[in-house]
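Here's the structure, in structure tokens; my notes come after.
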Amino acid sequence: MATTIILGSSRSNGNTNTIVQALVQKSGASRIDLLDYNIGRYDYTNQNKDDDFIPLIADIIDGSKTILFATPVYWYSMSGIMKDFVDRLTDCVTIRKDLGRRMQRMRMGLLSCGSEEALLPSFEDPFRETAGYLEMEWIGHVHTWLEEDKLPRSVDKQLTSLAITLNTITT
Ligand SMILES: Cc1cc2nc3c(=O)[nH]c(=O)nc-3n(C[C@H](O)[C@H](O)[C@H](O)COP(=O)(O)O)c2cc1C
């Protein structure tokens with residue numbers, strides 16, 4: 001049950017990455033870092049159709065059953081780099097509908113990392129609704145934070161449960 005975790009932080013070795021690495025250890029999931037790719041903002045005239053987005057999403061679809069978005073909380077919302085990636089999913093329902101159709105068989109989940117436990121309940125809405133629009137199975141959202149640069153026990157337990165979900169076969 002391959003999972004690809006898509007890290008969308010403004011720094012590759014920050015707090016969200018610490019959480020992602022802990023989940024990789026527990027689940028065996030693969031991690032990709034959006035900072036390693038050249039992915040332009042959504043463009044109505046598709047001038048950026050030859051950047052890294054289409055090959056990257058095609059590889060993820062080929063190799064994964066589950067996409068797990070991992071974003072820091074920036075101003076109560078997802079990061080800008082993650083939003084640019086989510087906006088580009090539009091390409092999968094317009095110029096590359098074949099990719100969008102193949103995503104229908106996949107699962108989507110969300111991992112967020114903020115400065116504290118508190119998070120607006122609406123934070124996950126854009127992801128959950130996007131999963132619904134793309135006819136993907138929504139597997140849920142785990143919110144995390146660090147305390148003195150370490151995983152609190154409750155976060156560690158949630159990551160263990162998430163790892164089990166990621167590796168559980170569903171039809
Ligand atoms: C631009 C910016 C905005 C932030 N806004 C929030 C916020 O609204 N809520 C919150 O809990 N933390 C907020 N934070 C704190 C980060 O979510 C937190 O430090 C997170 O662990 C950073 O992850 P990173 O190291 O991967 O960037 C913000 C941080 C930055 C840099």
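Numbering starts at 1 and runs along the sequence shown. Predicted, not measured: the structure shown is a model, and the values here were computed from it. Order of appearance sets the numbers: ligands from 1, and atoms from 1 within every ligand. Computed from heavy atoms alone, side chains included, the values below leave out hydrogens, waters and symmetry copies.
- Using bins of under 30°, 30° to 60° and over 60° for the plane-to-plane angle, the ring pair Phe69/Phe127 lands in the tilted bin.
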Measure from every N or O atom of ligand 1 to the protein's N or O atoms and keep only the pairs below 3.5 Å, writing each with atom names and distance to 0.1 Å.
unit_1   : atom_1 : unit_2 : atom_2 : d
ligand 1 : 5 (N)  : Val73  : O      : 3.4
ligand 1 : 5 (N)  : Trp75  : N      : 2.8
ligand 1 : 8 (O)  : Trp75  : N      : 3.3
ligand 1 : 8 (O)  : Tyr76  : N      : 2.8
ligand 1 : 11 (O) : Ser115 : N      : 3.2
ligand 1 : 11 (O) : Ser115 : OG     : 3.1
ligand 1 : 12 (N) : Ser115 : N      : 3.4
ligand 1 : 12 (N) : Ser115 : OG     : 3.2
ligand 1 : 14 (N) : Val73  : O      : 3.2
ligand 1 : 17 (O) : Val73  : O      : 2.6
ligand 1 : 17 (O) : Cys113 : O      : 3.4
ligand 1 : 21 (O) : Asn15  : ND2    : 2.9
ligand 1 : 23 (O) : Thr16  : OG1    : 3.4
ligand 1 : 25 (O) : Arg11  : NE     : 2.7
ligand 1 : 25 (O) : Arg11  : NH2    : 2.8
ligand 1 : 25 (O) : Asn15  : N      : 2.8
ligand 1 : 26 (O) : Ser9   : OG     : 2.8
ligand 1 : 26 (O) : Thr16  : N      : 3.1
ligand 1 : 26 (O) : Thr16  : OG1    : 2.7
ligand 1 : 27 (O) : Ser9   : OG     : 3.3
ligand 1 : 27 (O) : Tyr74  : OH     : 2.6

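- Side-chain atoms of Val86 and Tyr42, non-hydrogen and from C-beta on, never get closer than 4.5 Å to each other.
- Aromatic pair Tyr74/Tyr76: centroids not less than 6.0 angstrom apart.
- Ion pairing of Asp87 with Lys83 is present here, as a side-chain N (NZ or NE/NH1/NH2) and a carboxylate O approach within less than 4.0 Å.
- Using a 3.5 Å distance cut-off with no hydrogens or angles, the side chains of Thr4 and Ser64 do pair a donor with an acceptor.
- Looking at Arg96 and Ile57, their side chains never come closer than 4.5 Å, going by heavy atoms from C-beta outward.
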